[in-house]
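Here's the structure, in structure tokens; my notes come after.
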Amino acid sequence: EILFDNDPRYGNRSEIIAVDYKGQKINFIVKTGISVVSMSNSDKTYPLRTLKKGDGVTIEYMTNKEGLNRVLTIRLSAWGV
């Protein structure tokens, strides 16, 4: 599950909240314009806004020195229902 929270504090970045398979919420900082890559076809990308509740994604990220999780890539593994 991806929840969006546009916050002017982040400038050209937004915050998304992903809910893992255990139901735990994890906050991520995402740069504006990041695309979601299809796992089945790496040439196919989607705008971040196309993700909906129930879509399966794998998020690669790094935690910076302030403790914020910065998204490096988002890969779509399955569309939700």
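Just so it is clear, the model here is predicted, and its values are computed rather than measured.
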Quiz prompt | Side chain N69, main chain N27, donor-acceptor under 3.5 Å | solution = yes

Quiz item: With no hydrogens and no angle check, is any side-chain donor or acceptor of S35 less than 3.5 Å from a backbone partner on P47?
Solution: no

Quiz item: Rounded to the nearest 0.5 Å, what separation is found between the OG1 atom of T63 and the CZ atom of R70?
Solution: 11.0 Å

Quiz item: For L48 and I74, what are the C-alpha separation, side-chain angles and deciding distance, and is it a side-chain contact (heavy atoms from CB on, under 4.5 Å)?
Solution: CA-CA 9 Å; L48 187 61; I74 300 176; 3.6 Å; yes

Self-check item: Straight-line distance of Y61 OH to I26 CD1, nearest 0.5 Å
Solution: 5.5 Å

Self-check item: Evaluation steps, side-chain contact (heavy atoms from CB on, under 4.5 Å), between D55 and L76
Solution: CA-CA 7 Å; D55 291 344; L76 176 67; 4.2 Å; yes

Quiz item: Quick one: does I17's side chain get under 4.5 Å of F28's, heavy atoms only?
Solution: no

Quiz item: Are V36 and L51 side-chain neighbours, meaning at least one heavy-atom pair lies under 4.5 Å?
Solution: yes

Quiz item: Is the closest side-chain heavy-atom distance between E60 and V71 below 4.5 Å?
Solution: no

Practice problem: Say whether I16 and L72 are linked into one hydrophobic cluster, either directly or through other cluster members, by side-chain heavy-atom distances under 4.5 angstrom. | Solution: no

